[in-house]
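Everything below concerns the one structure shown next.
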Amino acid sequence: MTAYYLGIDIGSRTSKGVVTGDGRLLACHVLPSGVNYRAAAEKLREALLGKIGLSVSDIAATVATGQGAGNVPFPNEPVTDIRCCARGINGVFPAARTIIDVQAQSSQVIRLNGSGLVTGFVVSEKCAAGSGRFMEVIANVLQVELKDIGPLSLKSKNPVAFSTGCAVFGESEAVSRVAEGSAVEDILAGVHQALADKISALVDRVGMETDCALSGGGGLDTGLIRAVEAKLGVRMLVPPQPQIITALGAAIMAEETRGGH
Amino acid sequence: MKAEPLYFAGIDLGSTMTKVVIIDAGERLLSRVESHTGAEHRRLANRVMEEALALAGLPFSEIAYVVATGYGRINVPFADRQITELTCHARGVASLFPGVRTALDIGGQDAKGLKLKDGKLVDFVMNDKCAAGTGRFLEVIARTLGLELAELGSLSLKSANPVSISNTCTVFAQQEVTTRLSDGVPLEDIVAGLHQAIASRAVGMLRQLKIEPEVVFTGGVAKNSGVVKAVRENLGGEVLVPDDPLISGALGAALLGQDILQKAQAKGETVIRQERRLAEATFFQQT
Amino acid sequence: MATGLNRVAEIYADRAARVTELKAGGKRIIGYLDIFPVVEMLTALDLVPYRLLGDLNEPITRADAYLPTVVCPFLRSVMDLGLKGKYDFLDGVVFAHGCEVSEKMAHIWRTYLHPPYAHFIDTPHTTHQAARKQHRELLKDFQKTLEEMTGQELTAEKLREAVNIHNRQRVLVRELYDLRKPDPPLISGAETVRVMVAVASLPVTEGNELLEQVIGEIKGRKDGPAPKPARLIVWGSIIDNTALVDLVESLGANVVMDDTTVGSRDYFPLVEITDDPRDGLADRYLVALRSPRTFRETVPDGNRRKDYMADLESRFGYLKDYAREWQVNGVILQVLRYCDIHGYEVPALKDYLESIGLPGIYLEHDYSKVALAQLRTRVQAFLEIIG
Amino acid sequence: MTVEKKKRAISRLKSMYPLRALVDGMYKKAVEASKNGEPVAWCMVNWWAGDTVLQAMGVHTVHPEDYGAVCAAFGAAQPYLDRSDSEGFPSHMCGYARNCLGYAALMQDLGEIPPEAPMAGMPKPTLLLGSGYFCDTRYKWFQALGRYLDAPMWVLEMPHPGVPESRIEGNREHNIRFLVEELRELIGFLEKQLDRKMDYVRLGEIVDDTIEMNRVWHEVNELRKARPCPMHSRDFWSSMPASLYMASDPRVTAGLYRDMYDEVKSRVDNHTGAVPEEKYRVAFAELPPWHSLGFFNQLAERGWNFVIESWAYHPPKPVDLSGLSDPLERIAGLTYQYFSGYFEDAFQAGDGWGYFAHPYLEMVREYRCDGILLHPLLTCRTATNHLTVVQNQLMEQLKVPSLVVEGDIVDLNLFNPAEALRKAETFEETMQHYRAVRKEAGFDW
Ligand SMILES: Nc1ncnc2c1ncn2[C@@H]1O[C@H](COP(=O)(O)OP(=O)(O)O)[C@@H](O)[C@H]1O
Ligand SMILES: Nc1ncnc2c1ncn2[C@@H]1O[C@H](COP(=O)(O)OP(=O)(O)O)[C@@H](O)[C@H]1O
Ligand code: SF4
Ligand code: SF4
Ligand code: SF4
């Protein structure tokens, strides 16, 4: 009989869940975390089980991670998101030795070995100007959908240089730039560059070893990926669903902890 | 010889609010106008000026001197002189509260501490890198909570139990606030907590200048009675707030205009002035 | 045509150009950090002393893995340039115990960059008799490693000659600074920075020639700085780039004097020629150099009590003289973030300035263009204060 | 100190308490002495050198550095830090210094010891004794105190052996001579200030007792190589000031360290560890977050045992100085040993990064550490400068990973315990990984 494992990643913006069985990804789901992490976790589990027609009792083990892991109301093993992320990427790209994980609240750079164990890491300050939230803030004020920011930004010829390092002031600067005639794509590209600069400073602190992967919601943003690649001078491995990598890793960890028994 | 018209205008093109003040030679306030600086207005400082002139019932040509200050001061084309907001605020404060030696100004984009001696600015500190600790922080939160800025103060005064918000970053605090609300924390406790956070940052900065009571508190954020209370608690001393805290910079600018003209006249010098023509202003420095 | 100043501009833009030429011609170039390595001993052995400086325009990327972010950004920049190979042409480096971080960086530098020759002088922090004696001993140690490296003997004769040439440079720098005394000054603050940086990038004799040429030109120039209401002195952490001075001068002030390195602080004191020239050198670098990193006794002889004002006078009195001679009406106290040596000095210096009625403004910056731009409003407000 | 209600995950040594009490008692003694008109010095740690001299001359001492840690642990530092800020001292400067400058400013206002000062407070000093070793703060801070205190100041100078230049012929000799002469000049200063003469016989005894005290203290720490480690860093930190600050007659202190030796030895014999289950042996660098020591309990619950910490607070490796008749030469010898004994390896390896970082290699190797917790301080260059080098070298040479947790010694606002714990949890995996790597590379732990 197949054992099923659940990985739950309650991020500050989005909650991600994954079910694995026999070492394969069987289902995944993403929903907004909202203000109630408990509810988000419940809904996530429901949706996942619904997708593959399983019930709670079919789940052999659950690992919860992310900012809201402490609020997950059903039995689980908590594991830090850095470890889960490393396992997740290892599952997809075994050759990856460095991960750039761009989440809503922070960015982190993780070094890992061939078994997906974390061998070093560094976490950014909690400043929105260095995380995925910067993109959201700007996208929101420019009334661009998140999914469109990447493609738009890639069209830019003249990225706007921001005069501030703060996401909030950056927001008003973006508004003024538009009012003064700057193109939306140039502003987006400017933010991508600003973010890539911060990320590259983080990378310098732990060092980079190729292959280098990019995960987290930031991995959905082609504009950011290109900006980081240009800055670091290497190609990024980006999984098809970068946002669920940490949840996938959590499921893998769930399997590992139970695997032997 | 034609007598000089003796009216002075100060325009404070702030990051959030644009303020214009017109005074006469007796330092009487003839008109004051405030308007959101907003993206489109940033280029249109002249509109606010026009409005102020209309209110005062004066043609532009009657204004003897125009001083521009604030974040966008460099680009007010019709100003005769640009003076930093630090000097202008100090001048405004000195006229409103003669003898005061320490002032705190929290505006939309920065917080400043001013040190005065004999009515003149002698030292200052400034915090302008991060929105946390500025009026912008409160704007963002008010927007999130669907509240008017003007409501924040009285609401927070109801709180007996301010909660502390663990995120310093404005953006993340905004999110934390929503989470706290959904946890059932009363709105007023959250708002009061935010006011405390702003106040403690501001007072921390102000401390870099040996504080000499009493402290005057100006800038848009001083309109918020909750922050005023928190600043008072943090300082452990009296805090003076002008009736119209928003305009102290513009007022100071107008007064400085008068000072400049008087000084020049006393020396028998002629003052160079811009053509009295309203024109568009841009916000960013032109390169 | 202002060929001297043009030459200055060229060297300032590409500091290494001349020394790499010399190196190709067989000269050995020795880098040194801060103002405490005794460069005369290099010159005496026909080695070219070359000052290690940072680059404000180059973002610090590599240094993060070797020096933490909470230390002097200037030193981080120097380290960063080293790691990026910008100092690979050096045949050796000399460090001294300037400040805590510069000392540590010396060791980090030799660990990771493996210079062919490296020497660290553990310059004492006090001017006690014991410390002076120790400093002389340290210079003997330095001499040993230099002689070993060059295979030549450092004779008193050669050393005396080197002292003379370096003293000549110091006299010339003073002459140059004298040209800042008139109102308006004949040379701007930013130009002075460029000259000083250029001089620190050349062998001493060439530096002297350049200085003579520049002084000649400036004396006769018509296109000097315009008069401005504020005449300022800049005090504090190292200035090896025109950015800050440019900013200040663009806002309506002339910077007419400095108490920083690369500037009056390292060039003004002369070396006394002593029987054993090393004695004069040891005392000049330990006692005569006026850096806040060197501690001087706070109690006048025979006294039990310390008098704060007397202490201030003995620490900062020379600034009053500068202010008088250069007709200064304001002081910029600029400190690089995390520079403890200068940071601790700020309140005391402010006390002193207040006592002599000179306005001062404290500016902290982190050795980057962005940070400097944010200082604009502060500088402007200060100039308004001076009025 | 902070009260812990729960059953502690770290089992503390009973013999630690009297040692800590000695240091705490210094404040009360100094306040008494000051009332009686006896001289009191505010003293930077110039390790044993200056303190032995002061003790022999009957000068009472308090150590503002220790007092910074005390204020932090009592949660009493904030008003002093605020005051320092308002005096215009940049806030990125040493937390101990800011605490002390704020304290001195307040004391000057009040004309007396601030009433809420922890312990008995530090009385107004007769002398300020700074030092030219280890950090610029040690003399710049004391010099800055001149704004508030009229006590004359002396800076005791020390050379920095332990660098490659120390091997130049004759260098050792002139360094020792320098130390001795410096001490003589200090004594001259004290004699003039205090109008009393140094009693060299008494000094000789104190110096010998100090050497012995350090020897015993060294032996205690040697025992910590045992598995499981019988003594946690927290006990070290509580006990170290007794030796660093010459808290009492060194003979008395030596007796207490001997008691500690016995207790630790019996734990070793009984295979009793300082934490219930020693899963990870961890080293610590440099200074701990005094305000949040509870953090170590949380880690202890996860099986982290802190088995060794920065060499800089450890006594010198024992050295035989009995052949030197001049007590000043013995102090110089001890001090020189302190700054060079840990670097023999560095000299052998011809390493330029010698004295400030190299000893960590030996430490981690001999105490068989799985990892090291680096605590860079935003306010202290000395304890932070070299940490990246330590991190790089431990990895390169020993395959031992480092965990970096930023914080501060005094300023609570700069340390985030939740984030620190998240990082620590992740780091466990890294330590496990490198265990395997070391095994493969032929290391024996
Ligand atoms: N469709 C998308 N296109 C581009 N970027 C996206 C998209 N969706 C999310 N993002 C980015 O991902 C970030 C959220 O990342 P995520 O890893 O989900 O964060 P968390 O785990 O903290 O909730 C957002 O801030 C945004 O920058
Ligand atoms: N009616 C009000 N009640 C409370 N706060 C207000 C009110 N109006 C403005 N503010 C606050 O004042 C800030 C703007 O202050 P101001 O001094 O005008 O700044 P600036 O000069 O940078 O535009 C806003 O960010 C807001 O927080
Ligand atoms: S700088 Fe802006 S984005 Fe960064 S922490 Fe401050 S408010 Fe947040
Ligand atoms: S600026 Fe300060 S920290 Fe930097 S090298 Fe100079 S003295 Fe040292
Ligand atoms: S070593 Fe660090 S903590 Fe200690 S006194 Fe010096 S600066 Fe302060």
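Each chain gets a letter, A, B and so on, in the order the sequences are listed, and its residues count up from 1.
For D:Phe134, the part sitting under 4.5 Å from any heavy atom of chain C is the backbone (N, CA, C, O) and nothing else. Interface residue C:Ala118: only backbone heavy atoms are found under 4.5 Å from chain D. For C:Cys339, the part lying under 4.5 angstrom from a heavy atom of chain D is the backbone only. Using a 4.5 Å cut-off between heavy atoms, D:Leu378 contacts chain C through both its backbone and its side chain. Proximity to chain D (any heavy atom under 4.5 Å) is shown, for C:Lys104, by both the backbone and the side chain. With a threshold of 4.5 angstrom between heavy atoms, C:Tyr112 approaches chain D through side-chain atoms but not through N, CA, C or O. If you measure heavy-atom distances from C:Thr145 to chain D, the contacts under 4.5 Å come from the side chain alone. Residue D:Pro159 touches chain C through both its backbone and its side chain, counting heavy-atom pairs closer than 4.5 Å. Only the backbone of C:Asp64 comes within contact range of chain D, with heavy atoms under 4.5 Å apart. When heavy atoms are compared at a cutoff of 4.5 Å, D:Arg184 does not approach chain C at all. In this structure, the portion of C:Asp122 lying under 4.5 Å from any heavy atom of chain D is its side chain and not its backbone. With a threshold of 4.5 angstrom between heavy atoms, C:Arg337 approaches chain D through its backbone and through its side chain.
Chain C forms more heavy-atom pairs under 4.5 Å with one residue of D:Gly130, D:Gly146, D:Ala357, D:Ala97 than with any other, namely D:Gly146. Each of D:Ile168, D:Leu156, D:Leu377, D:Thr384 has some count of heavy-atom pairs under 4.5 Å with chain C, and the biggest count is that of D:Ile168. Interface check for chain C: of the options D:Glu169, D:Gln391, D:Gln193, the most heavy-atom pairs under 4.5 Å are formed by D:Gln193. Per-residue heavy-atom pair counts under 4.5 Å with chain C were compared for D:Cys380, D:Pro152, D:Ala144, and the maximum is reached by D:Pro152. The residue among D:Asn392, D:Thr379, D:Asn171 with the most heavy atom pairs within less than 4.5 Å of chain C is D:Asn392. Among the candidates C:Lys350, C:His125, C:Arg293, C:His114, the residue making the largest number of heavy-atom pairs closer than 4.5 Å to chain D is C:His125.
Side-chain contact check for D:Met153 versus C:Phe295: some heavy-atom pair is nearer than 4.5 Å.
Interatomic distance, C:Glu103 CD to D:Cys135 SG, rounded to the nearest 0.5 Å: 11.5 Å. Note: D:Arg147 CZ to C:Leu312 CG = 8.5 Å, rounded to the nearest 0.5 Å. We find the OG1-CD distance between C:Thr111 and D:Gln393 to be 6.5 Å, quoted to the nearest 0.5 Å. Atoms NE2 and CD, on C:His119 and D:Glu165 in that order, are 5.0 Å from each other to the nearest 0.5 Å.
Counted within 6.0 Å of NZ on C:Lys84, heavy atoms from surrounding residues, nucleotides or ligands total more than 12; the atom is thus considered enclosed. Atom CD of D:Gln108 has more than 12 neighbouring heavy atoms from other residues, nucleotides or ligands inside a 6.0 Å radius. A 6.0 Å sphere centred on CD of C:Glu354 holds no more than 12 heavy atoms belonging to other residues, nucleotides or ligands.
Using a 4.0 Å cut-off between charged side-chain N and carboxylate O, C:Asp340 and D:Lys140 make no salt bridge.
Across D:Tyr139 and C:Ile341, no two heavy atoms sit closer than the pair OH-CD1, 3.7 Å. Minimum interatomic distance between C:Lys306 and D:Leu149 (heavy atoms only, all atoms of both residues): CE-O, 3.7 Å. Taking every heavy atom of both residues into account, D:Val389 and C:Tyr66 meet most closely at CG2-O, 4.0 Å. For the pair C:Leu67 and D:Asn385, the tightest heavy-atom approach, listed with the atom from each and the gap, is CD2-O, 4.1 Å. Contact detail for C:Arg110 and D:Pro164: the closest heavy-atom pair is NH2-CD, 3.0 Å. Across all non-hydrogen atoms, the minimal contact from D:Pro90 to C:Gly343 is CD-O, 3.5 Å.
In terms of the ring pair (Phe, Tyr, Trp, His ring centres under 6.0 Å) criterion, residue partners of D:Tyr103 (sequence neighbours excluded) are, by chain and number, D:Tyr67, D:Tyr80.
Without hydrogens or angle criteria, D:Arg381 side chain to C:Glu100 main chain gives no donor-acceptor distance under 3.5 Å. The backbone N or O of D:Trp154 sits nowhere less than 3.5 Å from a side-chain atom of C:Glu297 that would complete a donor-acceptor pair. Judged purely by atom type and a 3.5 angstrom limit, D:Glu181 has no side-chain atom pairing as donor or acceptor with the backbone of C:Ala130. Within the 3.5 Å criterion, the main-chain N or O of C:Tyr308 finds no donor-acceptor partner in the side chain of D:Asp150. Checking side-chain atoms of D:Glu185 against main-chain N and O of C:Gln129 turns up a donor-acceptor pair under 3.5 Å. Side chain of C:Glu137 to backbone of D:His174: no donor-acceptor contact under 3.5 angstrom is found. A donor-acceptor pair is defined here as one N or O able to donate and one able to accept, closer than 3.5 Å; no such pair exists between the side chain of C:Tyr344 and the backbone of D:Met93.
A side-chain donor-acceptor contact under 3.5 Å links C:His128 and D:Glu182. Side-chain contact, C:Asp311 with D:Gln143: no donor N or O sits under 3.5 Å from an acceptor N or O.
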As a quick check of understanding, evaluate salt bridge (charged side-chain N to carboxylate O under 4.0 Å, His left out) for D:Glu173 and C:Lys140, giving each step before the final call.
CA-CA 13 Å; D:Glu173 290 69 26; C:Lys140 288 183 197 157; over 6 Å; no
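Using a 30° and 60° split on the angle between ring planes, D:Phe356 and C:His107 fall in the tilted class, from 30° to 60°.
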